[in-house]
Amino acid sequence: MIEIDRLTKRYGATLVVDDVSFAVEEGTLAVVVGTSGAGKSTLLRMINRLVEPSAGRVLIDGEDTRAIPEDELRHRIGYVIQGYGLFPHRNVADNIATVPRLLRWDSKKVAQRVEELLDLFQLEPAEFAHKFPHELSGGQQQRVGVARALAARPALLLMDEPFGALDAVIRSKAQDDLLAIQRRLGTTIVLVTHDMNEAFRLGDRIAVMDQARLLQYATPAELLMRPADDFVERLVGSAERPFRLLSLIRVQEALEPGHAEGEPIAASESLHDALSRLLWTGRKALPVADASGALIGQVSVGGILQRGRPLP
Amino acid sequence: MSSTASRTNTFGVVPPRPALSLDHLGFAIAVLIGVALFAAPFATYRATRIASGEARLLIEALPIAMAAALVLVALGVAIGAVLVRDPLSRLGSAVIGLAVLLPSLGLSAGYLTPADNTFARVSPSLGFWLLSLAFSLLAVDALARMRLGPYGRLTALAVGVSALALLLLSGIWDDLSILREYYTRADSFWREARQHLLLASGSMAAACLLGVPLGIVSHRLRTLRIAVMQGLSIVQTVPSIALFGLLMAPLGAIAASVPLAAALGIKGIGAAPAFIALFLYALLPIVANTIAGLSQVPSAVVDAARGMGMSARQRLVDVEMPLALPVILAGIRIVLVQNFGLATVAALIGGGGFGTFVFQGIGQTAIDLVLLGAIPTVALSFAASIVLDALVDLSKGTPA
Ligand SMILES: Nc1ncnc2c1ncn2[C@@H]1O[C@H](COP(=O)(O)OP(=O)(O)OP(=O)(O)O)[C@@H](O)[C@H]1O
Ligand SMILES: [Mg+2]
């Protein structure tokens with residue numbers, strides 16, 4: 001768990017991060033969103049002390065980060081930035097091996113770890129290990145950037161607009177991959193973005209920042225239903241709200257007994273997906289299947305519509 | 001049918017280039033060759049080393065068969081330069097041209113010098129220089145079109161140097177005036193050569209030793225950077241001979257008051273002020289290129305390195321310096337080429353080097369002696385720039 005405690009950064013007279021506190025549970029993904037210049041990057045960089053806080057502290061599993069030597073702290077925290085900052089003079093394998101080598105792992109263990117990560121990120125080792133960054137597509141560079149950050153098995157991963165340079169299709173795939181990898185490894189992630197859709201898609205909790213201050217830190221559903229102020233409400237987007245809400249709810253939660261005609265939908269999909277299928281096929285209800293494919297009930301237009309607004 | 005053909009052309013589909021077509025550079029080379037063969041003397045004959053020269057046309061300078069052969073080969077090269085595009089063939093014809101031209105100069109010297117006459121001097125004249133210029137241009141252009149990699153260029157240099165060494169060692173040029181000058185002072189030639197190399201590369205090494213660290217520190221500290229760059233720019237504007245002069249007074253004073261300095265050979269005139277002046281000139285390009293090399297390292301790369309917990313030293317050694325190296329080497333290339341040239345001036349204050357022959361030769365109006373100093377200087381600069389260019393490419397080279 002990481003706790004950000006009254007963190008403040010001042011450059012001269014201007015406050016860039018103003019008294020921000022929140023905590024991120026072990027194994028969850030927190031997203032920091034806000035307009036440009038809100039102080040998101042500065043906040044993130046204070047966690048691994050690339051920026052020294054003017055006041056406040058950061059605790060990682062209860063340990064004050066100031067008690068840990070800077071470089072040692074950074075060896076323990078993965079860091080991914082927009083543009084990835086891959087070393088242009090080193091091939092993919094050497095890029096990924098950076099932190100393990102700084103930690104003086106023996107070379108066999110390093111090679112093993114590199115191979116493991118290339119596999120995990122669907123980069124065929126024989127093909128990619130010896131390529132140089134300029135020989136990779138943007139999406140491949142992005143995966144190498146994340147693989148490099150995860151190389152020494154950090155418990156915490158900081159990501160600053162990691163998908164900012166990708167086109168919509170590749171970005172969506174990269175987001176799915178990140179979620180899958182995070183579930184698999186149990187890594188705690190703090191991710192900065194100014195893309196609200198990305199925040200809703202990835203965040204277990206979302207921290208909304210504006211003009212150096214933290215306006216609200218809550219789950220996506222709470223943010224939709226109980227925005228702390230006008231700014232958050234506008235950022236969340238009033239017109240998008242019902243649909244965002246439906247994206248957050250699984251079909252499982254709106255399951256009704258009975259049987260409907262048509263192609264079944266998986267219980268793990270979102271109500272947003274279910275509604276879109278219903279609209280497109282012109283039906284009033286869809287059969288629902290569990291993970292094994294067995295039919296377990298149905299989901300109806302009426303049931304979905306009830307969920308598209310805050311429950312009384 | 002014909003309309004479709006013309007349309008593809010108007011839409012920019014380039015038809016395959018014919019193997020034979022006119023070539024601008026080739027045309028210029030052919031003109032050079034024509035002038036050299038028919039309108040310029042091939043060699044100069046002088047009764048003594050300082051007598052005024054008499055021009056000898058190609059037909060007078062060589063036995064008739066030899067002259068005819070050279071004319072035929074040169075005309076062949078000229079026609080090939082205009083009509084043939086394939087770089088390998090162009091290179092081949094240039095090499096054949098040089099292979100006939102260079103030895104024939106030596107033959108001409110033997111042919112023109114009366115038997116047992118050790119005073120007469122034969123030297124190359126305009127025609128020879130134009131021919132060798134034309135052939136070399138053709139060769140260099142062909143090499144450039146072949147886009148040789150760094151190893152290819154180094155190999156080409158090695159082949160050229162070996163061919164030249166072979167010509168010199170074979171004795172075929174021994175009757176030429178410039179080699180006569182060399183043979184009468186072979187000892188001092190090699191002594192000055194060593195001195196020249198020591199002055200030029202020693203001052204460069206010293207400048208690297210100080211300049212690279214200074215560049216690294218200046219890159220970090222803005223105030224130092226501004227001061228250093230302004231100071232060095234001022235040094236750079238002082239003409240070389242004035243700088244040598246400026247250094248004479250303080251060094252003379254040091255030599256007079258510090259016995260140890262005098263014992264080490266530091267005095268107002270000689271190698272010490274020359275060395276220091278070359279060192280000062282070398283400093284600016286090296287410091288400036290170190291700073292430029294470090295500042296073009298992408299900031300995201302440095303940021304990522306810091307974020308992964310690389311210490312300042314690790315970042316410098318493993319990331320920043322390797323990425324700055326091509327630019328720093330480009331600075332070293334500038335310095336080395338510049339130093340080989342500037343070191344010539346050192347002779348004026350008794351610093352030695354090839355300049356000794358140049359200034360002696362000017363004093364005696366013996367042009368051969370001037371060339372004995374000038375040609376090795378130019379050759380050294382040329383070779384140094386090829387070697388360092390190759391190194392720059394290698395340091396950039398991420399193997400594909
Ligand atoms: N080193 C610095 N010195 C002075 N001001 C700074 C410094 N770094 C950041 N700032 C200022 O702090 C403010 C917040 O910057 P920060 O990079 O944290 O914003 P951000 O929320 O990440 O914005 P973006 O979405 O554009 O990346 C900006 O106004 C910026 O100009
Ligand atoms: Mg930012």
Side-chain angles (χ1 to χ4, degrees), chain A residues 41 44-45 47-51 68-92 94-104 130-136 141 144-146 148-152 154 156-162 164-165, chain B residues 147 149-151 212 215-216 219-223 289-333 388-400:
Chain A
S41 296
L44 193 75
R45 291 159 68 84
I47 297 176
N48 62 2
R49 290 176 59 196
L50 282 174
V51 171
I68 310 169
E70 261 181 63
D71 290 339
E72 199 184 313
L73 175 72
R74 293 180 196 144
H75 294 158
R76 287 163 44 178
I77 302 177
Y79 181 57
V80 183
I81 48 176
Q82 179 163 7
Y84 327 121
L86 298 181
F87 297 146
H89 61 304
R90 295 202 180 154
N91 65 25
V92 167
D94 290 336
N95 261 288
I96 294 177
T98 306
V99 181
R101 287 200 183 128
L102 289 174
L103 295 173
R104 302 185 186 288
H130 299 290
K131 283 200 170 178
F132 283 82
H134 72 268
E135 299 169 303
L136 304 177
Q141 289 182 22
V144 174
V146 182
R148 181 174 73 170
L150 291 174
L156 173 60
L157 179 62
L158 307 178
M159 308 179 93
D160 196 346
E161 305 199 28
Chain B
R147 292 183 203 290
Y151 291 114
V212 173
I216 292 171
H219 171 66
R220 302 272 146 98
L221 304 174
R222 215 179 80 88
T223 44
N289 281 47
T290 305
I291 295 174
L294 288 172
S295 17
Q296 50 92 54
V297 176
S299 61
V301 171
V302 181
D303 196 48
R306 217 155 77 82
M308 283 187 290
M310 295 179 108
S311 66
R313 217 198 89 247
Q314 287 164 336
R315 285 201 305 273
L316 185 69
V317 174
D318 294 339
V319 179
E320 294 178 287
M321 283 311 272
L323 291 175
L325 192 62
V327 183
I328 297 177
L329 279 177
I332 291 179
R333 172 190 178 280
L388 279 156
D389 270 341
L391 283 183
V392 170
D393 275 8
L394 285 177
S395 71
K396 276 181 200 157
T398 41

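Just so we're on the same page: letters track the sequence lines, and every chain starts at 1.
Applying a 4.5 Å heavy-atom cutoff, the residues of residues 320-333 of chain B that approach chain A are B/P322, B/L323. Identified by a heavy-atom distance below 4.5 Å to chain A, the contributing residues of residues 308-319 of chain B are B/M308, B/G309, B/M310, B/S311, B/Q314, B/D318, B/V319, in residue-number order.
In this structure, the portions of A/L50 lying under 4.5 Å from any heavy atom of chain B include both its backbone and its side chain. With a 4.5 angstrom heavy-atom cutoff, A/L73 does not touch chain B via any of its atoms. For chain B, no part of A/R49 is nearby; none of its heavy atoms comes within less than 4.5 Å. Neither the backbone nor the side chain of A/L158 comes within less than 4.5 Å of any heavy atom in chain B.
Taking every heavy atom of both residues into account, A/Y84 and B/A304 meet most closely at O-CB, 4.1 Å.
Taking A/L102, A/N91, A/N48 one by one and counting their heavy-atom pairs under 4.5 Å with chain B, the maximum is reached by A/L102.
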